[in-house]
Structures are given as structure tokens and as C-alpha cells.
Student: 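Structure incoming, see below.
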Amino acid sequence: MTIALYPGRFDPITYGHLDIATRAAQVFDELVIGVFATPQKNLLFSTEERVDMAQRAVTHISNIRVEPFFGLTVDFAKQLNAAVIVRGLRMGSDFEREFEMALMNKKLAPEIEVLCMMTSVQYQFLSSSILKEVAQLGGCIDDLVPEYVANTLREKLSVVATKI
Ligand code: ADP
């Protein structure tokens with residue numbers, strides 16, 4: 001049984017992330033979406049909120065589960081007994097960073113493979129940061145994230161706006 005870990009910040013999870021997760025779940029027996037429990041400083045959502053949105057987005061896929069994690073990705077992968085770390089690649093923008101990170105992870109844990117999956121072309125332009133920017137400026141995000149994420153994002157942005 002091969003377990004794969006798909007780690008990231010998922011602030012929030014988008015259809016781009018879900019495309020990679022769904023396809024990876026077809027390749028591996030079990031896929032764990034690992035939500036990096038980093039301090040909220042540069043993020044819009046708390047770890048609990050990011051995990052909750054990801055969980056709701058994958059309830060219909062029986063071999064995907066979502067868990068928060070602290071510390072090194074390779075340590076969490078070992079804890080899960082995951083043989084593979086999955087990452088998504090968009091053209092140009094992700095390659096250098098993913099390559100560097102994959103080499104470092106390989107050095108830290110040679111027994112774990114890093115597998116990069118190419119984004120589907122319709123999500124090529126989609127990132128959590130551009131999504132938040134569009135939402136903040138009142139653009140339509142309904143075909144970029146699940147409905148629950150879109151509503152949570154709009155709510156969060158209106159709370160943040162009232163604090164400014
Ligand atoms: P991180 O901070 O670890 O990059 P992200 O949540 O931004 O966390 O992304 C997690 C993973 O999903 C990364 O491998 C990233 O390249 C990939 N990813 C993000 N958006 C997309 C997308 N639109 N299509 C495919 N992969 C994506």
C-alpha cells in the first residue's frame with residue numbers, strides 16, 4: 001500500500017490544488033493533504049480554517065484525508081509512512097523552487113521520492129495569492145474554488161476590511 005503526502009499551505013485550497021490531489025489519489029492508495037501549520041503571520045486563514053476548507057473539499061474522495069503538520073515535511077512523511085511527496089508544477093513559476101526543495105528533501109530523506117505533477121492547463125494561472133487578490137477586489141472566484149471556500153473567503157475578507 002503506497003501512501004503519498006501532498007504538503008502545502010493551502011491558504012485557501014483552490015481547484016488547482018484539488019486537481020493535483022484528485023489525480024494523485026488515482027495513482028496512490030492513500031493521499032494525505034498535509035496542511036503546513038505555520039504561524040498565521042503571512043497567511044489569511046488559521047491552520048484550523050485551512051484544514052477545515054480542505055477537508056470539506058475532499059469528503060467525496062474516500063482515499064484522501066487532510067492533516068495539519070508542524071516542522072519538516074520529510075519528518076511528517078516518515079511519520080505517515082509515506083513513500084512519496086507530491087507537488088504541483090505550474091509552467092515557469094514553480095520549477096526552480098520545487099527543484100531546490102526536492103533536492104533538499106532528497107538529501108534529508110533519500111528514501112522518500114518527490115513527484116511533481118503538471119497542473120491542468122485551466123489552473124495554470126491559479127494560485128492562492130492571486131485568488132485572494134481577485135476576491136479582495138470583488139472579482140468573481142466561483143469557478144476557482146469550491147462554494148464553501150468562496151463564501152469563507154468573502155466572509156474573511158469582509159472581517160479583515162472592517163478592522164482596517
Ligand atoms: P506552498 O507554500 O507549499 O507552495 P501552496 O499551498 O501554495 O503551498 O501549494 C502547494 C502545492 O500545490 C505546491 O506544490 C504548488 O506548486 C501546488 N499548486 C498551487 N497552485 C497550483 C495550481 N494552480 N496547479 C497545480 N499545482 C498548484
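Whatever order the structure lists ligands and atoms in, that order sets their numbers, starting from 1. Residue numbers start at 1 and run along the sequence shown.
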Student: Any nitrogen or oxygen of Arg87, main chain or side chain, under 3.5 Å from a nitrogen or oxygen of ligand 1?
Tutor: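 Yes, there is a polar N/O contact under 3.5 Å.
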Student: Test your reading of the structure: does Ser128 have an N or O sitting under 3.5 Å from an N or O of ligand 1?
Tutor: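 N/O-N/O distance below 3.5 Å does not exist for this pair.
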Student: Going by the atom numbers of ligand 1, which of them fall below 4.0 Å from some non-hydrogen atom of Phe10?
Tutor: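 Those atoms are 6 (O).
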Student: Answer yes or no: does an N/O atom from Gln124 fall short of 3.5 Å to an N/O atom of ligand 1?
Tutor: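 No, since none of the N or O atoms of Gln124 sits under 3.5 Å from an N or O of ligand 1.
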Student: Side chain of Arg90, backbone of Leu126: donor and acceptor closer than 3.5 Å?
Tutor: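 Judged by distance alone, yes, a pair lies under 3.5 Å.
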Student: Please check whether Gly88 reaches ligand 1 - meaning an N/O of the residue sits under 3.5 Å from an N/O of the ligand, judged on distance alone.
Tutor: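 For ligand 1, there is an N or O atom that lies under 3.5 Å from one belonging to Gly88.
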Student: At less than 4.0 angstrom from any non-hydrogen atom of Ile20, what atoms of ligand 1 do you find?
Tutor: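 Listed by number with element, the hits are 25 (C), 26 (N).
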Student: Give me the nearest non-hydrogen protein atom to atom 8 (O) of ligand 1 as residue plus atom name, then the distance to 0.1 Å.
Tutor: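 Going atom by atom, the protein heavy atom closest to atom 8 (O) of ligand 1 ends up being Arg9 N, 3.1 Å.
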Student: Pairs of nitrogen or oxygen atoms closer than 3.5 Å, one from Ser127 and one from ligand 1: do any exist?
Tutor: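 No: no nitrogen or oxygen of Ser127 is under 3.5 Å from one in ligand 1.
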Student: Check the side chains of Asp11 and Ser128 for a donor-acceptor pair under 3.5 angstrom, ignoring hydrogens and angles.
Tutor: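 No, because no side-chain N or O of Ser128 sits under 3.5 Å from a partner of the opposite role on Asp11.
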Student: In the protein, what heavy atom is nearest to atom 17 (C) of ligand 1, and what distance, to one decimal place, separates them?
Tutor: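 For atom 17 (C) of ligand 1, the nearest protein heavy atom is Tyr6 OH, 3.6 Å.
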Student: Give a yes or no on whether the backbone of Gly16 and the side-chain of Thr14 come within a donor-acceptor separation of less than 3.5 Å.
Tutor: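 A pair under 3.5 Å: yes.
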Student: Could you tell me whether the side chain of Glu100 and the main chain of Arg97 form a donor-acceptor pair under 3.5 Å?
Tutor: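 Such a contact is absent between Glu100 side chain and Arg97 backbone.
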Student: Relative to the heavy atoms of Leu126, which atoms of ligand 1 are at a distance of less than 4.0 Å?
Tutor: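 What qualifies from ligand 1 is 20 (N), 21 (C), 22 (C), 23 (N).
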Student: Evaluate Thr14 for polar contact with ligand 1, using N/O atom pairs at a separation under 3.5 Å.
Tutor: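 No, Thr14 has no N/O under 3.5 Å of an N/O on ligand 1.
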Student: Does the plane of the ring in Phe76 sit parallel, tilted or perpendicular to the ring in Phe69? Use 30° and 60° as the thresholds.
Tutor: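 Correct class here is parallel.
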Student: Evaluate His17 against Tyr6 for side-chain contact (heavy atoms from CB on, under 4.5 Å), listing each step before the verdict.
Tutor: CA-CA 9 Å; His17 295 126; Tyr6 179 31; 3.5 Å; yes
Student: Is the shortest distance from a heavy atom of Met118 to ligand 1 less than 4.0 Å?
Tutor: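 So Met118 does not count as touching ligand 1.
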Student: Taking the non-hydrogen atoms of Arg97, is any one of them nearer than 4.0 angstrom to ligand 1?
Tutor: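 Within the 4.0 Å threshold, so yes.
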Student: Kindly indicate whether a cation-pi arrangement holds for Arg56 with Tyr148, taking the cut-offs as under 6.0 Å to the six-membered ring centre and within 45° of the axis.
Tutor: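 Here Arg56 passes the 6.0 Å and 45° test against Tyr148.
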Student: With heavy-atom distances below 4.0 Å as the criterion, list the atoms of ligand 1 near Gly8.
Tutor: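 So the answer, numbered in order with elements, is 3 (O), 8 (O), 10 (C).
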Student: In this structure, are over 12 heavy atoms from other groups packed under 6.0 Å from Glu111 atom CD?
Tutor: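 Check passes, neighbour count above 12.
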Student: Less than 4.0 Å is my threshold; does some heavy atom of Phe36 fall inside it relative to ligand 1?
Tutor: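 It does not, in that no heavy atom of Phe36 comes within the 4.0 Å cut-off of ligand 1.
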Student: Check the orientation of Phe95 and Phe99. Use parallel for under 30°, tilted for 30 to 60°, and perpendicular for over 60°.
Tutor: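 Ring orientation, 0 to 90° scale: parallel.
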Student: What is the nearest protein non-hydrogen atom to atom 7 (O) of ligand 1, stated with its residue, atom name and distance?
Tutor: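 That would be His17 NE2, 4.1 Å.
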Student: Backbone, side chain, both or neither: what part of Glu98 comes under 4.0 angstrom of ligand 1, heavy atoms only?
Tutor: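 The answer is the side chain of Glu98.
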Student: side-chain contact (heavy atoms from CB on, under 4.5 Å) for Phe10 and Leu18? Distances and angles first, verdict last.
Tutor: CA-CA 10 Å; Phe10 306 105; Leu18 289 167; over 6 Å; no
Student: To the nearest 0.1 Å, how far is atom 24 (N) of ligand 1 from its closest protein heavy atom, and which atom is that?
Tutor: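 Sorting protein heavy atoms by distance from atom 24 (N) of ligand 1 puts Thr119 OG1, 2.9 Å first.
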Student: Near Ile130 CD1, under 6.0 Å, is it more than 12 heavy atoms from other residues, nucleotides or ligands?
Tutor: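 No, the 6.0 Å shell around CD1 holds no more than 12 heavy atoms from other groups.
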Student: Where is the nearest protein heavy atom to atom 27 (C) of ligand 1: which residue, which atom, and how far?
Tutor: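 Ranking protein heavy atoms by distance from atom 27 (C) of ligand 1, first comes Arg90 NE, 4.1 Å.
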Student: Report the hydrophobic cluster partners of Met101, with the cluster defined as I, L, V, M, F, W, Y residues connected by side-chain heavy atoms closer than 4.5 angstrom, directly or transitively.
Tutor: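 Traced through the cluster, Met101 reaches no other member.
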Student: Pull out every atom of ligand 1 sitting under 4.0 Å from any heavy atom of Asp94, numbered as shown with elements.
Tutor: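 By the 4.0 Å cutoff, the relevant atoms are 16 (O).
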